[in-house]
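As C-alpha cells, the structure follows; a few thoughts come after it.
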Amino acid sequence: MRRAGALAFFAVNIATGLVFNVPAVFEIARPALPELQVGWLDGGPRLSLLDNLRMEQHREQAAWLRTIDQNVEARPLSLEALGRVTDFGNRVFRVEPAAMRPSN
C-alpha cells in the first residue's frame, strides 16, 4: 500500500509538472482543466487558479513576439562608428568611445 501511494504521488507529480511547465502539453490538457477563476482584483480581470503560468496574456504575448520574429528583419547594428569595439561573445560588446578630436 505504501509503495502504491508513493508511485501514485510520483505519477501525479510528473503529470502536473509537465502540464504546467511545458506549453505544448498544457495546450493538450487545457480542455480537461476546470475553469476555476477568482475575481480578487476589484475591476480587474478574472484570474484562473490552475493556469497562472500560462495565462491568456502570456499566450497572447508569445504569439505577438512570434509574429514580430517572423515578419521583422533584424539588421545588425554597426558599433564601429561609436568607437573601439571588443566582442565578449554571446552578443555582448564593450564600446570604448573614440578619442575626441580637438575642434579648431
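One is the number of the first residue; the rest follow in order along the sequence. Because the structure is predicted, anything quoted here is derived from the model rather than measured.
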Q: Would you check if the side chain of Asn71 reaches a backbone N or O of Thr67 as a donor-acceptor pair within less than 3.5 Å?
A: yes
* Asked: Does Phe9 share a hydrophobic cluster with Val19, counting links as ILVMFWY side-chain heavy atoms below 4.5 Å and allowing steps through other members?
  -> no
Quiz item: Do Ile14 and Phe20 share a hydrophobic cluster, counting only Ile, Leu, Val, Met, Phe, Trp and Tyr and linking them when any side-chain heavy atoms are less than 4.5 Å apart?
Solution: yes
Discussion item. Would you say that Glu96 contacts Thr86 through its side chain, given a criterion of any heavy-atom pair below 4.5 Å between the two side chains?
Written reply: yes
Practice task
For the residue pair Val25 and Ile28, establish whether any side-chain heavy-atom pair is separated by less than 4.5 Å.
Solution key: no
Got a sec: does the CZ of Phe88 have more than 12 other heavy atoms crowding it under 6.0 Å? yes
CZ of Phe93 to CG of Asp87, rounded to nearest 0.5 Å, is 4.0 Å
Check: Asn21 side chain, Gly17 main-chain N or O, donor-acceptor pair, under 3.5 Å
yes
Q. Can you check whether Leu33 reaches Phe26 side chain to side chain, under 4.5 Å on heavy atoms?
A. yes
inquiry  = Is the shortest side-chain heavy-atom distance between Gln61 and Arg66 below 4.5 Å?
reply    = no
Subject >> Side-chain touch Val12/Thr16, heavy atoms, less than 4.5 angstrom >> reply: yes
Shortest non-hydrogen pair, Gly83 vs Val95, comes out as N-CG1, 4.1 Å
